[in-house]
Student: 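I have a structure I would like to understand better, so I am pasting it below and will then ask my questions one at a time.
Every number for a ligand or one of its atoms is a count from 1 in the order of the listing.
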Amino acid sequence: MDKFLIKGGKRLEGKVTISGAKNAALPAMAAALLTREPVVLTNVPRVRDIGTMRTLLEELGVDSSLQHKDGGYRLEILARKLDHPLAPYELVKQMRASVLVLGPLLARSGNARVSLPGGCAIGARPINLHLKGLERLGAKVQIEHGYVEARTEGLKGDSFTFDIISVTGTENMMMAAALAEGETRLQNAAQEPEVEDLAQLLIAMGARIEGAGTGEIRIQGVSRLGGATHAIIPDRIEAGTFLAAAAITGGDLTVENAEPAHLGAVRAKVEEVGVRVEILSTASGKETGRALRVFAPDLLRAADLATREYPGFPTDMQAQYMAVATQAEGTSVITETIFENRFLHALELMRMGADIKLDGRRAVVRGKARLSGAKVLASDLRASASLVLAGLAADGETLIDRVYHIDRGYDRIEEKLNRVGADIRRISES
Ligand code: EPU
């Protein structure tokens, strides 16, 4: 398992390019199951979860081909037939987003067997709302031997209100409803840019969807969908992580191929801690995004934070913000409202010298603490990013174990950081 050895104390300066969004690419890959025609995705990030989703598509009997293009992947998916609508436990346990194939499989082939994802490092993460929603569209759903067994003679549109806002729940329902008969109304739907991006792809495939990106989505079912070519949106969490990297190192970074419109709450928070953010009006020739320049002050100010669904501050940036808060002058109260157990990084940050008190879903961070390099363990994707940030700010060497977590969702983060002045060595142990 690979490790990162980070020599801290380097100020970051220069340009980084943001990759496509993992959490937009994964549902887009699942959407390709809805048609017999080729779906071509560009700006797909080179991260491990994309490989896992490709393996899952292969299991389902789907062909895909991958090419390197402009620093990302161009991925062509051809689901001419779905011989084997089964998502096995071995893959679902590696990546919960595998559950995104449930809605498309059901809508296209009338039956699906998808392993129930188990618990997760950050919370229980049930999929009850995905199942309830699909039942509302007429699916018969049973849990047998750890698998969701769903079947239908033909889905029928209906209204469905999510009790809790769910990103992949909204995506699964939108994909299933695209091929259902009649109209589906999704209320209390997730408004994340990734949901809107999926809707753009589905519309390009021939779906009739209105309201994606708002709390109410209306889908008029169609009898078939066709192929399409679609560029994945920039990864707002990767961009936010680089904003945090500039903040924590007192740096000056230009973040290219980002979408500033998706970064509102993150930008507001880093500005509140004293970082200056400028949106650059000229892009560097990339068609998918624009650039931001971030300049950090010598001393950051503490600021409280609560995670919320989009357009609020993303839970996927909470761990990185906590690393930044350890370096801010004053007390920051961080409240995690989305997941019940997303503070594992705090325990590792404390081993590096951070002053953090945990109280249920609240973390009280007192700064500025002197961080010193230590051996730490990455527990999940965003927690690993938080430890990398802390390592950049720490005195001496930080050794992060289990960086496969970070490889699941960041496209070679160490190379991107090293190009702007960091000193991170990947130690591969096979
Ligand atoms: N929930 C339920 N029942 C459901 C679905 C969700 O109770 O049927 C609860 C969850 O337990 C959680 C809350 O609702 O407390 C929100 O979960 P959501 O369903 O929105 O999360 P998700 O769709 O499983 C996606 C991202 C996550 C991100 C969350 C929240 C993808 C592939 N994953 O997960 O990304 O944290 O939304 O924004 O889009 C990551 O990239 O590191 C990551 C974990």
Student: I need the contact type for Leu129 against ligand 1. Using non-hydrogen atoms and a strict under-4.0 Å cut-off, is it side chain, backbone, both or neither?
Tutor: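 Leu129 to ligand 1: contacts from backbone and side chain alike.
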Student: Looking at Arg342, which atoms of ligand 1 are within less than 4.0 Å of one of its heavy atoms?
Tutor: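 Ligand 1 atoms under the 4.0 Å threshold to Arg342: 36 (O), 42 (O), 44 (C).
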Student: Report the part of Ile338 (side chain from C-beta onward, or backbone N, CA, C, O) that has a heavy atom under 4.0 Å from ligand 1; answer both or neither where that applies.
Tutor: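 For Ile338, backbone and side-chain atoms both sit under 4.0 Å from ligand 1.
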Student: Side chains of His345 and Gln318: do they bring a donor and an acceptor to under 3.5 Å?
Tutor: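 Checked: His345/Gln318 side chains pair up, N/O donor to acceptor below 3.5 Å.
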Student: Could you tell me whether the side chain of Thr161 and the main chain of Gln187 form a donor-acceptor pair under 3.5 Å?
Tutor: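 Flag not set: sc Thr161 to bb Gln187 has no pair under 3.5 Å.
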Student: How does Ala97 reach ligand 1, by side chain, by backbone, by both or by neither, if only non-hydrogen atoms under 4.0 Å count?
Tutor: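 The answer is the side chain of Ala97.
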Student: Is there a nitrogen or oxygen of Ser166 sitting under 3.5 Å from a nitrogen or oxygen of ligand 1?
Tutor: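 Between Ser166 and ligand 1, an N or O pair is found under 3.5 Å apart.
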Student: Just let me know how Ile164 lines up against ligand 1, side chain, backbone, both or neither, with a heavy-atom cut-off below 4.0 Å.
Tutor: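 Only the side chain of Ile164 comes within reach of ligand 1.
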Student: Side chains of Lys156 and Thr184: donor-acceptor distance under 3.5 Å anywhere?
Tutor: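 Not at all, the side chains of Lys156 and Thr184 share no donor-acceptor pair under 3.5 Å.
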Student: Specify the protein heavy atom at minimum distance from atom 36 (O) of ligand 1: its residue, its atom name, and the distance to 0.1 Å.
Tutor: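 The protein heavy atom lying closest is Asp316 OD1, 2.6 Å.
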Student: If you measure from each non-hydrogen atom of Glu194 to ligand 1, which part falls under 4.0 Å: side chain, backbone, both or neither?
Tutor: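 No part of Glu194 comes within reach of ligand 1.
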Student: How does Arg382 reach ligand 1, if at all, at less than 4.0 Å between non-hydrogen atoms: by side chain, backbone, both, or neither?
Tutor: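 Just the side chain.
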Student: What is the distance from atom CZ of Arg46 to atom CG of Asp407, rounded to the nearest 0.5 Å?
Tutor: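 If I round to the nearest 0.5 Å, the distance is 13.0 Å.
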Student: Between Thr315 and ligand 1, which part of the residue brings a heavy atom under 4.0 Å of the ligand: side chain, backbone, both or neither?
Tutor: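 Side chain only; the backbone of Thr315 stays clear of ligand 1.
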Student: Would you mind telling me if ligand 1 is within reach of the side chain of Leu381, the backbone, both or neither, using heavy atoms under 4.0 Å?
Tutor: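 For Leu381, the contact with ligand 1 is made by the side chain alone.
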Student: Would you mind running through ligand 1 and noting each atom that sits below 4.0 Å from a heavy atom of Lys22?
Tutor: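 Listed by number with element: 40 (C), 41 (O).
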Student: Show, in sequence, the C-alpha distance, side-chain angles and deciding distance for Ile217 and Ile209, and conclude whether the side-chain contact (heavy atoms from CB on, under 4.5 Å) test is met.
Tutor: CA-CA 7 Å; Ile217 306 178; Ile209 301 176; 3.7 Å; yes
Student: Can you tell me if Gln327 uses its side chain to pair, donor with acceptor, with the backbone of Ala369 under 3.5 Å?
Tutor: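 Checked: pair present.
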Student: Apply the side-chain hydrogen bond (donor to acceptor under 3.5 Å, both in side chains) test between Tyr410 and each candidate in Arg382, Lys416, His405, Arg48; give the one that qualifies.
Tutor: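 Passing option: Arg382.
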Student: Has the side chain of Glu256 got a donor or acceptor atom that lies under 3.5 Å from a matching backbone atom of Thr17?
Tutor: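 It does not hold such a pair.
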Student: Can you list the ligand 1 atoms lying under 4.0 Å from a non-hydrogen atom of Ile127?
Tutor: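 Once the distances to Ile127 are compared, the set is 4 (C), 8 (O).
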